[in-house]
Amino acid sequence: MSTFLIRILLPLLVIAMTFPQFSEAESEQWCIADEQTPDDELQAALSWACGSGGADCSKMQQENQPCFLPNTIRDHASFAFNSYYQTYKHKGGSCYFKGAAMITELDPSHGSCHYEYNP
């Protein structure tokens, strides 16, 4: 009986090793400002992200930049949060910002303003 099992299991093992294992693909994720967060909390998180947080906020800080408009705290915070998250998510960074941010799987890019995504 053990020879019979070996004859069955050995080909199954070979087949299992031959075909690549497919896992569910990681979906694209961006970090944006939570709609329920008050502007004063967003401003504090935005200031941190663009300051000591190290986010690249250059595309939203001047009127001639592609992500300046709409010129709202919420939109600027979303861009800054995502910049930080995409830069540092593989180095321990998160999309938390004291509860001011959230993950979305819908690309928040608009017009000429492109939100980066790093797999």
Q. Would Phe81 and Leu42 count as a side chain to side chain contact (heavy atoms under 4.5 Å, CB included) if you check the C-alpha gap in whole Å, the side-chain angles of each, and the deciding distance to 0.1 Å?
A. CA-CA 10 Å; Phe81 294 172; Leu42 288 176; 4.1 Å; yes
Q) Can you tell me how far OG1 of Thr104 sits from CD of Glu28, rounded to the nearest 0.5 angstrom? A) 11.0 Å
Q.
For Ala33 versus Arg74, what's the shortest heavy-atom pair and its separation?
A. CB-O, 3.8 Å
Q. Side chains of Leu46 and Glu41: closer than 4.5 Å at any heavy-atom pair?
A. no
Q. Looking only at heavy atoms, what is the nearest atom pair of Cys113 and Pro66, with distance?
A. CB-O, 3.4 Å
Q) Looking at Asn118 and Thr87, what are the two nearest heavy atoms and their distance? A) ND2-N, 4.4 Å
Q: First locate atom OH of Tyr88, then atom SG of Cys31, and finally report the distance between them rounded to the nearest 0.5 Å.
A: 14.0 Å
Q. Which pair of heavy atoms, one from Pro119 and one from His90, lies closest together, and at what distance?
A. O-NE2, 2.9 Å
**Q.** Point-to-point distance, once rounded to the nearest 0.5 Å, from CD of Gln61 to CZ of Phe79
**A.** 9.5 Å
Q) Could you walk me through whether Trp30 and Cys95 pass the side chain to side chain contact (heavy atoms under 4.5 Å, CB included) check? A) CA-CA 9 Å; Trp30 293 266; Cys95 178; over 6 Å; no
**Q.** side chain to side chain donor-acceptor pair (under 3.5 Å) assessment of Thr37 paired with Asp34
**A.** CA-CA 6 Å; Thr37 304; Asp34 188 325; 4.6 Å; no
Q.
Any heavy-atom pair between the side chains of Cys67 and His110 that's under 4.5 Å?
A. no
Q. Is there a donor-acceptor pair under 3.5 Å between the side chain of Ser109 and the backbone N or O of Tyr115?
A. yes
(Q) In the structure I gave you, are the side-chain heavy atoms of Ser27 and Gln29 within less than 4.5 Å of one another anywhere? (A) yes
**Q.** Interatomic spacing from CD in Glu63 to CZ in Phe68 - rounded to 0.5 Å
**A.** 4.5 Å
**Q.** Minimum heavy-atom distance Lys59-Gln65, with the two atoms named
**A.** O-CB, 3.1 Å
Q. How close do Asp39 and Ile73 get, heavy atom to heavy atom, and via which atoms?
A. O-CG2, 3.9 Å
(Q) Nearest 0.5 angstrom please: Ile32 CD1 to Asp75 CG, how far? (A) 10.0 Å
Q.
Counting C-beta onward and ignoring hydrogens, is there a side-chain heavy-atom pair between Asn82 and Tyr117 closer than 4.5 Å?
A. no
**Q.** From OG (Ser94) to OH (Tyr84), nearest 0.5 Å
**A.** 6.0 Å
